Amino acid sequence: MFKLSLYSVPEGQSKYVEEARSQLEESISQLRHYCEPYTTWCQETYSQTKPKMQSLVQWGLDSYDYLQNAPPGFFPRLGVIGFAGLIGLLLARGSKIKKLVYPPGFMGLAASLYYPQQAIVFAQVSGERLYDWGLRGYIVIEDLWKENFQKPGNVKNSPGTK
């Protein structure tokens, strides 16, 4: 065989020796080890938040496009609905509960005049949800009543007690 001197292996053995860590390298290593749980938490939070933020940005872009090309009569309707909310806010002076109920109520009433089909669907869905919440509340109160007031040991004026 023909052997080229260009590819010959040098004689001797080489050995890799790792240098000892300096104080700075050791401090950085400890800092990284200390911060690892926090960086992991931040990465997980970011990965969970990123899709939600992207959908929020897309919703904003879609809303902007809709408002740029709004159907005729949209802005006057929006003005009437907003004005109804302001009237509700003015009529709700003095009570925090009224301030929570009147403005959305007046705005909903004004919106239902312009969008009756959507108002009917909204009322049906809201009614079902309110019924479900009321039923759940009734069940919870009934369970609490049975636990606290109808135990056999809590009955007063039973025979044998004074």
Side-chain angles (χ1 to χ4, degrees), residues 21 24-162:
R21 286 183 166 178
L24 178 63
E25 290 174 330
E26 191 65 36
S27 298
I28 290 174
S29 174
Q30 289 175 355
L31 181 65
R32 282 183 172 175
H33 183 69
Y34 177 74
C35 292
E36 184 179 7
Y38 301 108
T39 56
T40 303
W41 176 80
C42 288
Q43 288 172 345
E44 289 173 359
T45 303
Y46 175 75
S47 66
Q48 291 174 355
T49 307
K50 184 179 177 182
K52 295 176 185 175
M53 293 306 295
Q54 287 176 336
S55 67
L56 181 66
V57 167
Q58 186 60 45
W59 177 81
L61 292 173
D62 293 342
S63 298
Y64 178 77
D65 289 340
Y66 180 79
L67 290 176
Q68 289 297 320
N69 303 316
F74 175 75
F75 289 113
R77 291 177 181 180
L78 186 65
V80 170
I81 294 169
F83 186 70
L86 288 175
I87 289 182
L89 194 61
L90 289 174
L91 293 176
R93 282 188 274 164
S95 172
K96 291 181 181 180
I97 293 176
K98 286 182 183 178
K99 287 180 183 177
L100 290 174
V101 174
Y102 281 14
F106 283 169
M107 289 174 71
L109 184 64
S112 69
L113 295 175
Y114 287 118
Y115 305 102
Q117 293 295 334
Q118 290 86 348
I120 291 170
V121 171
F122 180 78
Q124 288 173 342
V125 171
S126 298
E128 291 172 4
R129 286 187 182 169
L130 283 173
Y131 178 75
D132 288 343
W133 288 348
L135 190 59
R136 287 179 190 169
Y138 176 77
I139 291 170
V140 167
I141 290 172
E142 183 181 37
D143 290 344
L144 287 172
W145 180 267
K146 286 180 181 177
E147 287 177 7
N148 295 323
F149 298 109
Q150 294 187 355
K151 289 185 179 178
N154 288 347
V155 179
K156 294 183 179 180
N157 296 331
S158 62
T161 61
K162 292 185 180 182

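Side-chain atoms are counted along with the backbone in the values below, which use heavy atoms only and exclude waters and symmetry mates. Note that the structure is predicted; figures quoted are calculated from it, not measured.
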S.K.: Decide yes or no on side chain to side chain contact (heavy atoms under 4.5 Å, CB included) for Val140 and Arg136, but give the supporting numbers first.
M.R.: CA-CA 6 Å; Val140 167; Arg136 287 179 190 169; 5.6 Å; no

S.K.: Quick one: CE on Met107 to CD1 on Ile87, what's the gap to the nearest 0.5 Å?
M.R.: 12.0 Å

S.K.: At their closest point, which heavy atom of Thr49 faces which heavy atom of Thr45, and how far apart are they?
M.R.: OG1-O, 2.7 Å

S.K.: Going by the ring-ring contact (aromatic ring centres under 6.0 Å, His included) test, which pairs reach into residues 47-75, not counting sequence neighbours?
M.R.: Tyr66-Phe74

S.K.: Could you pull out the closest heavy-atom pair between Glu25 and Arg21, with the gap in Å?
M.R.: OE1-CA, 3.4 Å

S.K.: Applying side-chain contact (heavy atoms from CB on, under 4.5 Å), can you list everything that pairs with Ser95, at least two apart in sequence or on another chain?
M.R.: Ile97, Lys98

S.K.: Looking only at heavy atoms, which two atoms of Gly73 and Arg77 are closest? And how far apart?
M.R.: O-CG, 3.2 Å

S.K.: Partners of Trp145 by ring-ring contact (aromatic ring centres under 6.0 Å, His included), sequence neighbours excluded?
M.R.: Phe149

S.K.: Sequence neighbours left out, what passes ring-ring contact (aromatic ring centres under 6.0 Å, His included) with Phe83? Give chain and number order.
M.R.: none

S.K.: Does any N or O in the side chain of Thr40 come within less than 3.5 Å of the main-chain N or O of Glu36, such that one atom is a donor and the other an acceptor?
M.R.: yes

S.K.: Report yes or no: does Arg93 contribute a side-chain atom to a donor-acceptor pair with the main-chain N or O of Leu90 at less than 3.5 Å?
M.R.: yes

S.K.: First locate atom NZ of Lys99, then atom CG of Leu91, and finally report the distance between them rounded to the nearest 0.5 Å.
M.R.: 12.5 Å

S.K.: Who are the side-chain hydrogen bond (donor to acceptor under 3.5 Å, both in side chains) partners of Asp62, not counting sequence neighbours?
M.R.: Gln58

S.K.: Does atom CZ of Phe106 have more than 12 heavy-atom neighbours, drawn from other residues, nucleotides or ligands, at distances under 6.0 Å?
M.R.: yes

S.K.: Let me have the donor-acceptor pairs involving side chains of residues 109-125, under 3.5 Å, with sequence neighbours excluded, atom names and distances please.
M.R.:
from: Ser112; atom 1: OG; to: Gly108; atom 2: O; distance (Å): 3.4
from: Ser112; atom 1: OG; to: Leu109; atom 2: O; distance (Å): 2.7

S.K.: Measure the spacing between CG of Leu130 and CG of Leu135 and express it to the nearest 0.5 Å.
M.R.: 12.5 Å

